[in-house]
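First the proteins, then the strands, lettered A, B, ... as listed; each starts at 1. Below, all heavy atoms of this structure are taken into account, side chains as well, without hydrogens, waters or symmetry copies.
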Protein chains: 2
Amino acid sequence: MPNQAKVKTPRTRPETQRKRKEILDAAIDIFGQKGYANGTLAEIAEQVDITHAGVLHHFGSKQNLLLEMLTYRDETDVADLDEHHIPNGPELFLHLVRTALVNSRRAGLVQVYTVLSAESVTDDHPARTFFENRYSTLRGLVTDAFRVLCEQEGVTEPATIGAASASILAVMDGLQLQWLLHPKDIELAATSEFAIRAIVNAVLLPGPELSQYRRG
Amino acid sequence: MPNQAKVKTPRTRPETQRKRKEILDAAIDIFGQKGYANGTLAEIAEQVDITHAGVLHHFGSKQNLLLEMLTYRDETDVADLDEHHIPNGPELFLHLVRTALVNSRRAGLVQVYTVLSAESVTDDHPARTFFENRYSTLRGLVTDAFRVLCEQEGVTEPATIGAASASILAVMDGLQLQWLLHPKDIELAATSEFAIRAIVNAVLLPGPELSQYRRG
DNA sequence: ATTTACTTACTTTCTGGTAAGTAAGTTGAG
DNA sequence: CTCAACTTACTTACCAGAAAGTAAGTAAAT
């Protein structure tokens with residue numbers, strides 16, 4: 001190992017790792033409640049009983065904290081997922097429905113993603129590339145699942161797979177927004193299931209065009 | 001008329017009205033590019049060649065500017081819509097597809113709504129009730145259209161109408177977000193059409209459940 | 001002995017809002 | 001019509017309060 005030990009890993013104390021995660025959890029909370037632009041380091045710091053300078057000691061800058069928080073969340077989710085193996089093929093669609101159900105029990109998490117993903121399209125937002133990559137990856141995953149499903153069902157891979165993949169992610173996101181605004185009116189899990197089912201079925205057998213319903 | 005003439009309408013000069021609209025357009029631009037929290041009165045003012053105090057002269061506060069901007073946009077859209085009568089019944093779904101097409105030519109407008117609607121779920125956001133009302137109204141509209149469609153097609157009104165209405169608005173929103181992140185990859189109009197069609201057809205004839213696709 | 005994990009204190013920059021002033025437009029009385 | 005009184009549409013100047021980041025110091029752990 002010629003020159004790899006040069007990379008310092010100063011995070012020796014286990015207490016430090018724990019504190020960092022505390023801060024990251026607080027960041028999820030605050031950025032979810034206030035957005036990135038409007039959330040402050042002082043609020044995050046207060047939640048873990050240190051000063052805002054203490055947070056900067058661990059993460060260097062607000063922007064860096066945001067980025068580390070996003071990858072931290074992703075890693076946590078992937079870790080949970082790896083245990084139960086990454087579901088591909090038609091199981092993925094069931095998994096997405098289960099995800100919607102799980103999400104309906106953790107509004108805080110849903111809110112960070114909803115708020116930050118939309119905020120990420122604003123000028124020079126630090127999370128922009130994160131969300132670009134996220135959606136590219138997720139669309140690829142769903143597209144693969146559709147390929148497997150189509151082959152399984154003996155359907156020659158339709159041209160609608162791309163649209164369907166984007167649409168599934170889109171409904172899930174859009175329903176989360178409406179659910180955050182009207183928790184009482186929107187049944188996140190059941191509605192997500194309905195919509196995903198509708199889209200999956202539309203890929204396998206398209207049904208009539210919208211214009212067919214004109215007049216009578 | 002005992003005491004109603006007391007209400008002053010100080011906006012006499014036509015030049016003033018024009019300036020106000022200029023400012024509102026600039027606000028759409030800036031709040032779309034930066035979000036409400038991060039956009040500044042100074043930036044908006046600069047776009048119309050006045051100082052930020054000039055903007056405050058017209059609108060009183062930043063919050064009020066946001067609110068007036070939102071209703072201004074709505075009024076403009078409703079005015080455009082009234083000409084071509086409010087489409088109800090199955091025509092509404094075609095109208096929504098046309099809206100997606102129109103939107104794909106005005107990214108700025110799409111971006112304000114995407115950014116602000118998500119931002120509105122944050123703590124004490126001034127646009128919160130605006131978007132709550134907006135979604136309630138829109139869901140009601142779509143639900144009515146579904147009722148008409150179901151009757152027309154001889155389908156006893158299914159329980160899925162509520163879910164379908166929310167889902168249609170949800171896909172449209174979600175696709176807009178993905179389109180703003182990846183304009184090259186997402187075909188806003190075509191994909192919206194696909195998804196809306198999928199959902200409408202699912203209401204009329206549900207098709208198999210997702211769990212049916214398990215194994216082979 | 002040195003590094004880590006902070007704190008206190010300070011600096012800078014930014015922002016919305018206010019106050020006061022001014023030039024131009026509007027209005028009403030004669 | 002005309003001129004004074006008033007109103008409107010701003011500007012400049014200022015303020016108070018955030019907020020992120022920096023510097024220097026300190027106590028504890030390694």
For [X], which contact category applies under a 4.0 Å heavy-atom criterion: base, sugar-phosphate, or nothing?
X       : value
A:His58 : sugar-phosphate
B:Ile50 : sugar-phosphate
A:Leu41 : sugar-phosphate
A:Gly60 : nothing
A:Thr40 : sugar-phosphate

Rounded to the nearest 0.5 Å, how far apart are CG of B:Asp144 and CG of B:Leu149?
12.5 Å

I need the A:Leu94 CG to A:Glu193 CD distance, nearest 0.5 Å.
8.0 Å

To the nearest Å, how far apart are [X] [atom1] and [N] [atom2]?
X       : N      : atom1 : atom2 : value
A:Lys62 : C:dT13 : NZ    : P     : 18 Å
B:Ile23 : D:dC10 : CD1   : P     : 7 Å
A:Phe31 : D:dA20 : CZ    : C1'   : 12 Å
A:His52 : C:dC10 : NE2   : P     : 14 Å
A:Leu56 : C:dT7  : CG    : C1'   : 13 Å
A:Glu15 : C:dC6  : CD    : C1'   : 12 Å
B:Leu66 : C:dG17 : CG    : C1'   : 17 Å
A:His57 : D:dA29 : NE2   : P     : 15 Å

Tell me yes or no: between the side chains of B:Tyr113 and B:Asp173, is some donor less than 3.5 Å from an acceptor?
no

What's the closest nucleotide to the B:Ser61 side chain, out of D:dT12, C:dG17, C:dT7?
C:dG17

Selected nucleotide, minimal atom distance to B:Lys19 side chain, candidates D:dC10, C:dG16, C:dT8:
D:dC10

When the aromatic ring centroids of B:His125 and B:Tyr36 are compared, is their separation below 6.0 Å?
yes

Please check: side-chain N/O of B:Ser61 versus main-chain N/O of B:Asn64, any donor-acceptor pairing under 3.5 Å?
yes

5'-most by nearest nucleotide on DNA chain D - A:Ala53 or A:Asn38:
A:Asn38

